[in-house]
Amino acid sequence: MSKPCLVCENPIEAFVDYGRMPIANGFLKKEDFPNEYFFRLHAGFCPKCHMVQLLEQPAREQMFHENYAFFSGTSKSMAVHFAGFAEHVLKDFIADSKDPFVVEMGSNDGIMLQNFAAKNIRHLGIEPSANVAKVAVERGIRTLNEFFDEKLARRIVAENGQADAFLAANVTCHIPYIHSIAAGVAILLKPKGVMMFEDPYLGDVIEKTSYDQIYDEHVFVFSLHSVAAAFGRHGLEVVDVEPQTTHGGSMRYILAHKGARPVSERVGALLAKELALGLTKAATFDQFRRNCEKSRDELKALLERCKKEGKRVVGYAATSKSTTVTNYCGITPDLVEFISDTTPIKHGKFSPGVHIPVKPYEDFKARYPDYALLFGWNHAEEIAAKEQDFRKAGGKWILYVPKVHVA
Ligand code: SAH
Ligand code: TMP
Ligand code: ZN
């Protein structure tokens, strides 16, 4: 029996199964190995509304809690990105408002809202993971430590009035109760208000075989087709789209109450492009599965060869995405000695499922390996600039997006 689509309840068609998976951000201590949580990571496509989605997702409290391991502020280029995002909102969407009010869902450590707080603009972050929310509060960013949904939207309106802008980055695709989110946004927005959200884009995932975007938190991989279908049910219309290079290729969607704002020509153009790319056809996803299998087999073979030749391979950046790669490909500590990462809370812990040790960046610098397996490939530019000494010392990068290769 196939499952009903989370958006339209039509039966979904499964197209890829990555097998038994742990929580992607569930970096853990040795004593917690016996209690590690696993679920089945398999994804499907809805032939009716075209939403790509997980068939199973762990409960939200398994993923977002007081020990959430992802701090947005660890990437400098993301801080620059969000400063630009905020500037766009300020200049093009709320400049005319007398007392603008900006709400952000999944505000994490305040990486985006700090730009509004610095200008004394009324703002409110909604962040359920207590540890990251605390960092934001300490930086003077108004934050509610809760999950956003329709009920919370009503409370926010009662306490603050409606919002000019509702922002969300890398969080809307995490939330299976998308109808409650969309209904909440419709309640929260002023008549001319906008919702602006961005998430990894299905077109990039398909084109680059970046299957590591599929993990527990990412219950959806959005396209313009599927976003329009989901939010359209709540009287919200996509009025513009802005492609982003972040997270290996994302799309920013700008929505407003239907009819409230003119629809950009870019919307029609992207819909046509998605049709041409096959994002509405099941056959595209069958080909994607074959591409994943090929990528897995080639990466495993490359790492086995390095091991046979006695080369040292170290993982670079213990990203949440890497959990799908290491577990799907069977990359164990005999193939990758450790993963270097700059986030203190991950140090001394082990990667989810395959249990590769995570060590501070200083360990990488102290003794360069022969190869660095770039799990943070979406930050390749920032990292390459930083790691020129590694290259000069003869070090090489192993990459697997868009194809397995050594650089
Ligand atoms: N916007 C940041 C953080 C993305 S990580 C960035 O792009 O870097 C996703 C964040 O969303 C996590 O901090 C998580 O705790 C939060 N989150 C998950 N479900 C949520 C919900 N229903 N409402 C608000 N935030 C949520
Ligand atoms: P992300 O790809 O989900 O943003 O994950 C970023 C992770 O990568 C985070 O744990 C920090 C780590 N990281 C490094 O260790 N070094 C770096 O130079 C960068 C940019 C990130
Ligand atoms: Zn559907």
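Numbering of ligands and ligand atoms starts at 1, following listing order.
- Residue-to-ligand polar distances place T343 within reach of ligand 2: an N/O pair is separated by less than 3.5 Å.
- The distance criterion of under 3.5 Å between nitrogen or oxygen atoms is met by A169 with respect to ligand 1.
- In summary, the atoms of ligand 1 found under 4.0 Å from a heavy atom of F70, numbered by their order in the structure, are 5 (S), 8 (O).
- Under the ring pair (Phe, Tyr, Trp, His ring centres under 6.0 Å) rule, Y211 has a single partner from F288, Y18, F15, which is Y18.
- Checked against a 3.5 angstrom limit, the closest N/O atoms of D341 and ligand 2 fall inside it.
- A salt bridge does not link K386 to E382: none of the charged side-chain nitrogens sits closer than 4.0 Å to a carboxylate oxygen.
- Every N/O-N/O distance between E382 and ligand 2 stays at or above 3.5 Å.
- For F375, the closest heavy-atom approach to ligand 2 does not fall below 4.0 Å.
- Of all atoms in ligand 1, listed by their number and element, those nearer than 4.0 Å to a heavy atom of S72 are 2 (C), 3 (C), 6 (C), 8 (O).
- The existence of a salt bridge linking E159 and R155 is confirmed by a sub-4.0 Å separation between a basic side-chain nitrogen and an acidic carboxylate oxygen.
- To the nearest 10 degrees, the angle centred on the Zn ion (ligand 3) between SG in C5 and SG in C46 reads 110°.
- Evaluated by nearest non-hydrogen atom to atom 7 (C) of ligand 2, the leading choice among D212, I383, I339, T319 is T319.
- Counting only heavy atoms of the protein, atom 15 (O) of ligand 2 lies nearest to T342 N, 3.0 Å.
- Scanning all protein heavy atoms for the shortest distance to atom 18 (O) of ligand 2 gives K386 NZ, 2.5 Å.
- The minimum heavy-atom distance linking I121 with P100 is given by the pair CG2-O, 4.1 Å.
- The side chain of I175, and not its backbone, has at least one atom closer than 4.0 Å to an atom of ligand 1 (non-hydrogen atoms only; side chain from C-beta on).
- Cation-pi contact between K359 and F338: present, with separation from the ring centre below 6.0 Å and deviation from the ring axis of at most 45°.
- At under 3.5 Å, not a single nitrogen or oxygen of H247, backbone or side chain, sits near a nitrogen or oxygen of ligand 2.
- Numbered from 1 in the order shown, with element, the atoms of ligand 1 that lie under 4.0 Å from a heavy atom of I126 read 24 (C), 25 (N).
- Nearest to atom 22 (N) of ligand 1 by heavy atom, out of F197, F71, F64, Y177, is Y177.
- Using a 30° and 60° split on the angle between ring planes, Y368 and F364 fall in the perpendicular class, above 60°.
- At a 3.5 angstrom cut-off on N or O pairs, I181 does not count as close to ligand 1.
- For the ligand labelled ligand 1, residue E127 lies inside the 4.0 Å heavy-atom shell.
- Around CD of E9, the count of heavy atoms belonging to other residues, nucleotides or ligands within 6.0 Å does not exceed 12.
- In this structure a side-chain-to-backbone donor-acceptor pair under 3.5 Å is present from T323 to A24.
- A cation-pi contact links R20 to F38, judged by a cut-off of 6.0 Å to the six-membered ring centre and 45° from its axis.
- Note on ring orientation: taking the six-membered ring where Trp is involved, the planes of H225 and H50 are perpendicular (angle over 60°, cut-offs 30° and 60°).
- Between T74 and ligand 2, no N or O atom pair is found at a separation short of 3.5 Å.
- Remark: minimum distance from atom 25 (N) of ligand 1 to any protein heavy atom is reached at P128 CD, 3.1 Å.
- Ligand 2 places these atoms under 4.0 Å from at least one heavy atom of K321: 2 (O).
- The shortest N or O to N or O distance between N170 and ligand 1 is below 3.5 Å.
- A heavy-atom separation below 4.0 Å is found between K346 and ligand 2.
- The N/O atoms of Y68, backbone and side chain alike, include none that comes under 3.5 Å of an N/O atom in ligand 1.
- With ligand atoms numbered from 1 in the order given, ligand 1 contributes 21 (C), 22 (N), 23 (N), 24 (C) to contacts under 4.0 Å with heavy atoms of F148.
- Close approach of ligand 1 to M105 (heavy-atom distance below 4.0 Å) involves ligand atoms 23 (N), 24 (C).
- Annotation for ligand 1: atoms under 4.0 Å from non-hydrogen atoms of S129 are 15 (O).
- The shortest heavy-atom distance from M78 to ligand 2 is not under 4.0 Å.
- Look at C8 and the Zn ion (ligand 3): an N/O/S atom of the residue is under 2.8 Å from the metal.
- For Y316 and F390, the ring centers are positioned 6.0 Å apart or more.
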